Amino acid sequence: MRASKAPRPKKCRVCLELFVPMKPLQVACGISCALIHAKAKQAKARVALEKVERRELRAARQRLKRLREYMQEAQAAFNKFIRLRDRNDPCICCGSYGADEDWLTGGKWDAGHFLSRGSHPELRFDEDNCHKQLKSCNGGSSKYAQKGRTVAEGYRARLIEKIGLERVEALEGPHQARRYSIEELKAIKAQYQGRAREMEKAIAIE
Ligand SMILES: [Zn+2]
Ligand SMILES: [Zn+2]
């Protein structure tokens with residue numbers, strides 16, 4: 001009979017030689033094999049972690065892409081509503097109705113933001129901040145801009161006439177930062193689609 005305490009030889013996981021373990025969980029024969037084994041384990045863990053990180057990154061990108069799509073749809077619905085609301089108005093910045101040659105791809109009119117969506121995302125769906133505007137004016141190449149006045153200055157002056165200084169200053173004042181969830185964007189889209197439909201019905205009766 002073997003002495004019951006004597007450990008049985010094991011095969012080293014690294015060099016595959018037999019060795020007699022000193023500790024029950026020992027898997028490598030000596031220090032150098034143990035180091036190699038530890039490094040290999042680390043590398044395996046790193047690969048697993050990288051895989052998780054890549055998956056999370058992909059999911060985050062996907063979420064962002066969906067958010068952008070919903071943002072575009074909500075903005076399109078809002079902008080359509082603005083163009084309908086202002087259907088009888090001239091261009092907000094220059095007071096012109098433009099000319100036939102102003103018809104560009106997608107029409108002659110934009111819904112132009114007073115404070116840009118980029119600099120003021122919290123005002124991108126604010127009805128005071130968005131008005132019917134000639135595409136050429138919104139694109140910054142207005143041929144109707146009044147002398148000595150930039151498009152932005154014209155917009156501000158005519159906006160004050162339209163909604164009053166107080167509301168213009170409220171737009172220009174400080175605001176809470178704002179992020180939109182997909183749920184909110186869906187609700188905004190539905191709201192403005194509904195209001196645009198109502199308006200189209202009313203116009204048909206006019
Ligand atoms: Zn070994
Ligand atoms: Zn204009």
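Numbering of residues begins at 1 and proceeds along the displayed sequence. When a ligand or atom number is given, it counts from 1 through the structure's own listing order. Since this is a predicted model, take the numbers as computed values, not measurements.
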Enquirer: Check this for me: does any side-chain nitrogen of one of Arg158 and Asp89 sit under 4.0 Å from a carboxylate oxygen of the other?
Expert: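 Salt bridge: no.
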Enquirer: Output yes when Arg156 and Glu153 qualify as a salt bridge under the 4.0 Å nitrogen-oxygen rule, no when they do not.
Expert: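 Looking at Arg156 and Glu153, the cut-off is not met.
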Enquirer: Could Glu127 and Arg167 be called an ion pair, given the rule that one side-chain N must be under 4.0 Å from one carboxylate O?
Expert: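 Salt bridge absent between Glu127 and Arg167.
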Enquirer: Rounded to the nearest 10°, what angle sits at the Zn ion (ligand 2) between SG of Cys93 and SG of Cys137?
Expert: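 For SG of Cys93 and SG of Cys137, the angle centred on the Zn ion (ligand 2) reads 100°.
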Enquirer: Between SG of Cys29 and SG of Cys15, what angle is found at the Zn ion (ligand 1), rounded to 10 degrees?
Expert: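 Cys15 SG and Cys29 SG form an angle of 120° at the Zn ion (ligand 1).
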Enquirer: Any side-chain to backbone donor/acceptor pair from Asp110 onto Gly112? Under 3.5 Å, distance only.
Expert: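 Answer holds: no.
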Enquirer: What does the angle at the Zn ion (ligand 1) come to, between atom SG of Cys12 and atom SG of Cys33, rounded to 10°?
Expert: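 The angle at the Zn ion (ligand 1) comes to 110°, rounded to the nearest 10°.
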